[in-house]
2 protein chains.
Amino acid sequence: MTDLITPSSIREHELNQALEALFYGFKAVVARPDAMLAEQGLSRVHHRILYFVGHNPGLSVNELLGILGVTKQSLNGPMRQLGRLGYIQTRQDTRDRRIKRLSLTDSGQALETALSGDQRARFARVFKQLGAKDEQAWRRVMNKLADR
Amino acid sequence: MTDLITPSSIREHELNQALEALFYGFKAVVARPDAMLAEQGLSRVHHRILYFVGHNPGLSVNELLGILGVTKQSLNGPMRQLGRLGYIQTRQDTRDRRIKRLSLTDSGQALETALSGDQRARFARVFKQLGAKDEQAWRRVMNKLADR
DNA sequence: GTTATTAGGTCAGTCATATTGACATTTTAT
DNA sequence: ATAAAATGTCAATATGACTGACCTAATAAC
């Protein structure tokens with residue numbers, strides 16, 4: 001009986017290890033940026049805003065809401081903080097003056113680089129240690145995980 | 001000038017894609033379990049409790065607090081819910097009767113299996129599609145990411 | 001050229017979660 | 001007998017996200 005159920009249990013255990021690897025890896029990647037943000041009274045939401053505005057300059061508020069999947073009320077607070085701290089600037093769209101085009105200031109770009117740069121450096125170090133083969137395999141797995 | 005800065009920008013972009021792959025992969029893995037839990041008014045914390053109690057039956061409350069890294073006050077609520085829903089049972093330690101030994105009920109085990117099973121199935125499908133080589137590479141990358 | 005709609009912002013209320021602090025109970029250790 | 005540990009609970013506080021309502025300014029539609 002033990003012989004019959006053991007093989008699937010071994011695989012189940014391996015898959016549990018994969019689950020834990022995902023959670024602990026994720027935790028490790030966000031730990032330092034979270035700590036940096038906390039020093040300024042900010043949190044992971046602010047990083048998400050900085051990241052998407054930084055990589056899509058000229059984004060409108062509505063587009064950002066769509067990307068983040070939050071309500072404008074819950075975005076409003078973090079956005080005001082980022083504006084007050086001088087990390088985000090806005091300019092009116094020239095054709096439709098209702099629309100605010102968002103972008104990072106220099107210091108906003110610097111903060112974003114510090115945050116995401118820490119994460120990129122972590123990946124870069126791991127990829128360099130393990131090689132391009134492992135990197136490509138890792139990407140295949142992650143992309144398929146996110147698939148459907 | 002462009003020739004000088006482009007190579008590093010390409011790599012930066014690749015690393016950004018790795019970052020996004022991690023976030024979207026993680027999101028995909030927790031999406032279904034989160035939805036299942038929400039149907040019963042539960043959340044990811046409850047899953048974490050079920051997971052660790054299920055894999056460490058006989059755990060004490062203090063040990064669980066250590067694993068989860070939360071306060072006993074914040075654990076108390078979710079634990080009471082899980083007890084009231086009949087997912088978790090306790091028995092006194094025989095030698096030290098101050099200690100409550102936690103374990104899952106049959107229905108608790110069933111719920112845990114449904115939740116983590118969905119996640120394991122997602123991994124199993126991806127690993128099966130991509131093969132053992134990719135699986136091992138993925139594990140190496142995740143474990144190194146979590147390292148220090 | 002009114003009217004409707006859109007982009008953005010804000011106020012109020014609610015709900016969930018996590019925290020600290022204080023305190024109580026039971027049981028074990030000294 | 002007293003100290004300490006394991007657990008539980010009450011209260012107050014803080015945060016963050018949500019819905020709903022309402023507002024302005026600007027554009028679109030009729």
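Just so it is clear: chains get the letters A, B, ... in the order the sequence lines come, proteins before strands, and each one is counted from 1.
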Not counting sequence neighbours, which residues clear side chain to side chain donor-acceptor pair (under 3.5 Å) with Q17(B)? List them please. none
Donor on one side chain, acceptor on other, K144(A) and Q129(B), under 3.5 Å: yes
Protein-nucleotides 23-28 of chain D N/O pairs closer than 3.5 Å?
| residue | atom | partner | partner atom | Å |
| --- | --- | --- | --- | --- |
| dT27(D) | OP1 | R97(A) | N | 3.1 |

The criterion is salt bridge (Lys or Arg N to Asp or Glu O under 4.0 Å); which residues satisfy it with [X], sequence neighbours excluded?
| X | answer |
| --- | --- |
| D96(A) | R98(A) |
| R97(B) | none |
| R101(B) | E63(B), D93(B) |
| R139(B) | E135(B) |

Only pairs at least two apart or in different chains count here, so list each side chain to side chain donor-acceptor pair (under 3.5 Å) that has a residue in residues 66-78 of chain B. T71(B)-S74(B)
Enter the distance from F52(A):CZ to H47(A):NE2 here, rounded to the nearest 0.5 Å. 9.5 Å
Just to confirm, is there a sub-4.0 Å distance from OP1 or OP2 of dA17(D) to any side-chain nitrogen or oxygen of T71(A)? no
Nearest whole Å is fine: how far is dA17(D) P from M79(A) CE? 14 Å
How many Å lie between CZ on R91(B) and C1' on dT7(D), as a whole number? 16 Å
Taking 5' to 3' order, which nucleotide of DNA chain C is first and which is last to have an atom within less than 4.0 Å of a heavy atom in chain A? dT6(C) to dC11(C)
Classify S74(A) by what it touches in the nucleic acid, base, sugar-phosphate, or nothing, heavy-atom distance under 4.0 Å. sugar-phosphate
Regarding R101(A), tell me which of base, sugar-phosphate or nothing describes its non-hydrogen contacts under 4.0 Å with the strands shown. nothing
Residue whose nearest DNA chain D nucleotide is more 5′ - Q73(A) or T90(B): T90(B)
Looking at residues 34-68 of chain A, who's got a heavy atom less than 4.0 Å off DNA chain D? V45(A)
Would you list the atom pairs, donor with acceptor, under 3.5 Å between side chains in residues 78-85 of chain B and any protein atom, with sequence neighbours excluded?
| residue | atom | partner | partner atom | Å |
| --- | --- | --- | --- | --- |
| Q81(B) | OE1 | H46(B) | NE2 | 3.0 |

Does Y87(B) have any ring-ring contact (aromatic ring centres under 6.0 Å, His included) partners at least two apart in sequence or in another chain, and if so, which? none
Using the side-chain heavy atoms of I99(B), tell me which of these nucleotides is nearest: dA6(D), dG20(D), dC10(D). dA6(D)
Atom pairs and distances, donor-acceptor, side-chain atoms in residues 20-34 of chain B, under 3.5 Å, two or more places apart:
| residue | atom | partner | partner atom | Å |
| --- | --- | --- | --- | --- |
| E20(B) | OE2 | Y51(A) | OH | 2.6 |
| D34(B) | OD1 | R44(B) | NE | 3.2 |
| D34(B) | OD2 | R44(B) | NE | 3.2 |
| D34(B) | OD2 | R44(B) | NH2 | 2.6 |

